[in-house]
2 protein chains.
Amino acid sequence: MSGYTVMNMMKDGDGKGASATRSAYLTLRQMILTGELPAGEKLKIEQLRALLKTGASPIREALSLLTSDMLVERLDQRGFRAAPASKANFEEILMLRCTLEDMALRASIANGGTAWEERLVLCHHHMNRARQKGTPEFEVAHKTFHMALLENSGLPTLERYCAQLYDLNIRYRYLAAGGARYQKRDIAAEHKSVLDAALDHDADRASDRLLTHYRLTGEYLGQQMDH
Amino acid sequence: MSGYTVMNMMKDGDGKGASATRSAYLTLRQMILTGELPAGEKLKIEQLRALLKTGASPIREALSLLTSDMLVERLDQRGFRAAPASKANFEEILMLRCTLEDMALRASIANGGTAWEERLVLCHHHMNRARQKGTPEFEVAHKTFHMALLENSGLPTLERYCAQLYDLNIRYRYLAAGGARYQKRDIAAEHKSVLDAALDHDADRASDRLLTHYRLTGEYLGQQMDH
DNA sequence: GTGTCAATAAATATCGATATTTTTGGGAGG
DNA sequence: CCTCCCAAAAATATCGATATTTATTGACAC
């Protein structure tokens, strides 16, 4: 799954050796997710070209790709802007996540398999380790764990939607709280209970724990957004 | 909602007066949906550039945009290809459509409103009229009607997913049957019963009729795909 | 035969310059 | 004082050429 050679290592990762388009895509994506490029802001090609030190073509292409992720809007002949944010949008995303992840998680559990279970355990372990290391590492591990829960569903389109919605939700975490500040809740315990239920093949319990996890976070963020 | 002037009329429609990117986007999209560009086929820039008589930049950007619709895959540093098709993908799409359209339709009905109901009646009428006119007109009107059912949900992200999945499904209609050939079923009656249930604010009945409509079509197409 | 490697051919990706379009701002006319 | 319209400025969109990268081919060694 991750057999790197010196040569193709240049094309993965965070984009240092990748194509200019991919590099720009990853950078801009991060900037929008973290709010460094605020919601609704006009994205001027020239400005971004200077910022990323690359030509206009990679920028334009990256912005077109970000349209897939609903992080950028394209206004024909009038350039691009960072997708606007609103509480209504936030709540829609939360609702969709609950519906779609429920479906994906149940399918994953139904498919089962030891390979998947082991991957799950490993991702969970990595996530806990990453908590000590720092925020960016934890963010990555957190997403990996959540996606691993769903990635046994055999439903790639559904998984894609879930990944998209996950990112959109992260964006609201930054917009609302200015970062990945967590609350008093015992997030680790919530994750553990989802993991345990999944390993027990208890779809109802796993789904319930997962959705509760999302709804609690959603409630917290919703409050933050009201100031 | 559709206040045209001579000036901005140039930027809508099928792309004659629109930007080269938009024009290329619409053309390529149609070609992929109808199978003129077969599933899985390599999409060479030079070849498309010659075909659409435009530069490489609009082509590349259009292909990047088609990535949003899951109609094109991007292989970093190796160009683009039309998204592959499979029966598994077809069935996933059918399943997702049923789940998501059910949700959207119920939300639309819950919101209600005479404006929406009138729009529905009108779209249904246009669709019936278009049946006489010919296939392309009917295709447009058919999609418009189906989307109108959902476009009162107040859930734009969900609507977007539904529209995407609708297109992906259309593609399988062309792949399986070589066109919009309909079967012996009385499609018109199926549409009418969805419309009536929606106008009655009977969400359960409307959803049942709509999903039955999809599943019957899905069954038929599934058979076609087995040869 | 068969596999490897280098040279060649093909295709992609990117740049820099230019054409087009939208936006802005400052009068003239009402 | 407000509105409309035209010119200037800014920004987008597009082109054509070039640099990079990947795919292909054929010779050579094993």
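Here is the naming used below: chain letters follow the sequence lines, and residue numbers restart at 1 for every chain.
A straight line from CD of B:Q77 to C1' of D:dA19 spans 12 Å, rounded to a whole angstrom. Protein atom CD of A:E61 is 11 Å distant from nucleotide atom P of C:dC15, rounded to whole Å. If you take CG of A:D76 and P of D:dA11, they are 19 Å apart, rounded to a whole angstrom. The separation between A:E73 atom CD and D:dT12 atom C1' is 17 Å, rounded to whole Å. Going from atom NZ of B:K44 over to atom P of C:dA9 covers 17 Å, rounded to whole Å. In this structure, the CG atom of A:L48 is 12 Å from the C1' atom of D:dA11, given to the nearest Å. Taking atom CZ of A:R22 as the reference point, atom C1' of D:dT21 lies 16 Å away to the nearest angstrom. Rounded to an integer number of Å, the gap from CZ of B:R49 to C1' of C:dT12 is 14 Å.
Here CG of B:D167 is found 4.0 Å from CZ of B:R29. Values are rounded to the nearest 0.5 Å. To the nearest 0.5 Å, atoms CG (B:L158) and CD (B:E101) are separated by 9.0 Å.
Comparing A:G79 and B:A56 along DNA chain D, the residue whose closest nucleotide (by nearest heavy atom) sits nearer the 5' end is A:G79.
Contacts of B:L63 with the nucleic acid, taken as non-hydrogen atoms under 4.0 Å apart, are absent.
A:E73 contributes no side-chain N or O that, together with a main-chain N or O of A:F80, makes up a donor-acceptor pair within less than 3.5 Å.
Residues passing the side chain to side chain contact (heavy atoms under 4.5 Å, CB included) test with A:T144 are A:R119, A:C123, A:V140, sequence neighbours excluded.
The listed nucleotides are D:dC15, D:dT12, C:dA13; the one nearest the side chain of A:R60 is D:dT12.
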